[in-house]
Amino acid sequence: MSRTPPMSVAVIGGGAIGSAAAWQLAARGHRVVLVEQFGPGHVRGASHGSSRIFRYSYPSALYIELARRAGRLWRRLERLHGQRFYARTGSVDHGNPAAVQRLARSLHQAGIEHSVLTPGEAELQWPGLRFDGMVLHHPDSGRLHADQAVAALQRCAQVEGAEIRFHTSATGVRVSPSGVRVLSASGSIRVDQVVVAAGAWTCDILESLPTLSRSLPALVTTQEQPAHFAPRQTPVGWPSFLHHPGGQYLGPAVYGLAAPDGVKVGEHGTGPRVTPQHRDFRPDPDGVGRLQQYAQQWLPGVDPTLVEATTCLYTSTPDGHFVIDRRGPITVAAGFSGHGFKFAPAIGELIAGLVAEQGRSPTLFRLGPRVSEPVSAGRR
Ligand SMILES: Cc1cc2nc3c(=O)[nH]c(=O)nc-3n(C[C@H](O)[C@H](O)[C@H](O)COP(=O)(O)OP(=O)(O)OC[C@H]3O[C@@H](n4cnc5c(N)ncnc54)[C@H](O)[C@@H]3O)c2cc1C
């Protein structure tokens, strides 16, 4: 597949992004070793759990095209792996009329199937939800099973020849004229190039590369806490949903979807700042209370008293746009700001292109100071 000679590449981080990069790099014939500090399916980063929203509704064509490409690659991965982990449930955006209209325009321009409904029409179709103003429905969106998708990325990377070393923590990266070394307690790995896909640990690993570290936009890690509510009836036919504040509802952006563990609901990016080493994994009762109030008002299809919350890390850039860029032999992929999962295989492809020097990263994703318009209020 590759027109460049095969290289040796170390990928640091086995979350969705590092695993996708390993798959795409190995599929191009590169010799890949992925190091992950924890075990398979761990719950300490951002990529675990049973559900992530996959949707096309973004205000910018860049993200819509990335989602389109990712959708094709997720389907290819399902075929290669022999397991379905994507459910086409459709997705709805409602709330702030200007935000919803802008999304409708973007979908129209990109040729993505969609329709606009009144709240009454939408409530007839999805009685588990109450709607706030015009409703944008895009039927090809849906839900990814996060744990299964990451396992499939890793398995397919291995089938393509990648080596995955779990329980191996990279302690630093050293660049020299003869190549790069990834340091770890069990010895160093000498390679041609390194991909840093370390999520909330990115700044720690880049400490050993001060010049690169200085060009990284400020990354903020927060502990977020979605909750699963018991549906009043079997949750058949729920779309995933995004409630953009600014209509009747004025709280933080809320997202949700019917997941295998119940109807998942979360506020976008309201969690406390933490470091991955110092966090308590304990959902904050006030936050759970806010989600219960939200469910009481906007989700007639769930029992607001039957709720189970969980925690997960966001690592966010100031504008919500990702960091995917290369300096010398190091490619950094970080700052996925609570909305990166859906794009993972397309980002893996982008990373493989950067490693092979086939084109540059989109301007919005480059290292350096951030001056762009934020991606959108509710970004999931
Ligand atoms: C609650 C929640 C809901 C979300 N919902 C959605 C959604 O609906 N749709 C969507 O598209 N996105 C969603 N996201 C965002 C998405 O899940 C993340 O953007 C994505 O998972 C980020 O993946 P990552 O690989 O960058 O980070 P991570 O999954 O954190 O992976 C980084 C990995 O690097 C490893 N690592 C770090 N340092 C080292 C080291 N020194 N040596 C070895 N290994 C190391 C870590 O152990 C970790 O496994 C959500 C996120 C959260 C938290």
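Whatever order the structure lists ligands and atoms in, that order sets their numbers, starting from 1.
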If you measure from the Lys or Arg side-chain nitrogens to the Asp or Glu carboxylate oxygens, is any gap between Arg130 and Asp132 under 4.0 Å? no

Please determine whether any non-hydrogen atom of Gly266 lies less than 4.0 Å from an atom of ligand 1. no

Result of checking Thr89, Val92, Leu129 against Trp238 for side chain to side chain contact (heavy atoms under 4.5 Å, CB included): Leu129

Taking only non-hydrogen atoms of Thr168 and a 4.0 Å limit, the atoms of ligand 1 in range are 42 (N), 43 (C)

More than 12 heavy atoms from other groups under 6.0 Å of NE2 on His167: yes

Presence of salt bridge, Arg75 and Glu78, under 4.0 angstrom: no

Are any of the N or O atoms of Tyr255 closer than 3.5 Å to those of ligand 1? no

Cation-aromatic face contact Arg55/Tyr58, 6.0 Å, 45 degrees: yes

Gly45 heavy atoms, cut-off 4.0 Å: which ligand 1 atoms fall inside? 30 (O)

Subset of ligand 1 atoms that lie under 4.0 Å from at least one heavy atom of Leu313: 53 (C)

Does atom CZ (Arg84) have a neighbourhood of more than 12 heavy atoms from anything else shown, all under 6.0 Å? no

CZ/Arg102: more than 12 non-hydrogen atoms of other groups inside 6.0 Å: no

Give the atom numbers and elements of ligand 1 that come within less than 4.0 Å of a heavy atom of Gly15. 25 (O), 29 (O), 31 (O), 33 (C), 49 (O)

Regarding Glu36 and Arg165, does a basic nitrogen lie under 4.0 Å from an acidic carboxylate oxygen? no

Decide if atom CD of Glu308 counts as having more than 12 heavy atoms of other residues, nucleotides or ligands within a radius under 6.0 Å. no

Answer yes or no: does an N/O atom from Tyr314 fall short of 3.5 Å to an N/O atom of ligand 1? no

Ser47, any N or O under 3.5 Å of ligand 1 N or O: yes

Heavy atom to atom 12 (N) of ligand 1, shortest distance: which of Phe322, Phe38, Phe341 holds it? Phe341

For His42 and ligand 1, does the shortest N/O to N/O distance drop below 3.5 Å? yes

Ligand 1 atoms nearer than 4.0 angstrom to some heavy atom of Ala16 are 25 (O)

Using heavy-atom distances only, which candidate in Arg52, Gln225, Glu267, Glu36 approaches atom 13 (C) of ligand 1 most closely? Arg52

With Arg279 as the cation and Phe281 as the aromatic partner, state whether NZ or CZ is under 6.0 Å from the six-membered ring centre and within 45° of the axis. yes

Determine, considering heavy atoms only, which of Ala170, Gly49, Ala20, Pro226 sits nearest to atom 42 (N) of ligand 1. Ala170

Residue part near ligand 1, for His339, under 4.0 Å between non-hydrogen atoms: backbone

Per atom 30 (O) of ligand 1, closest listed option by heavy atom (Ala46, Ser240, Ala197): Ala46

Counting heavy atoms only, which part of Trp201 comes closer than 4.0 Å to ligand 1: side chain, backbone, both or neither? side chain

Heteroatom proximity flag, Lys342 to ligand 1, N/O under 3.5 Å: yes

Return the option from Gly172, Gly41, Gly13 holding the heavy atom at the smallest distance from atom 34 (O) of ligand 1. Gly13

Looking only at distances, can you tell me whether any N or O atom of Ile12, backbone or side chain, sits closer than 3.5 Å to an N or O atom of ligand 1? no

Candidate pair Arg370 and Thr317, rule side-chain contact (heavy atoms from CB on, under 4.5 Å), full reasoning: CA-CA 9 Å; Arg370 287 291 160 107; Thr317 58; 4.1 Å; yes

Indicate yes or no: at least one non-hydrogen side-chain atom of Val265 is less than 4.5 angstrom from one of Val263. yes

Option set Leu242, Ile53, Asp204, Thr171, criterion heavy-atom distance to atom 9 (N) of ligand 1, minimum: Ile53

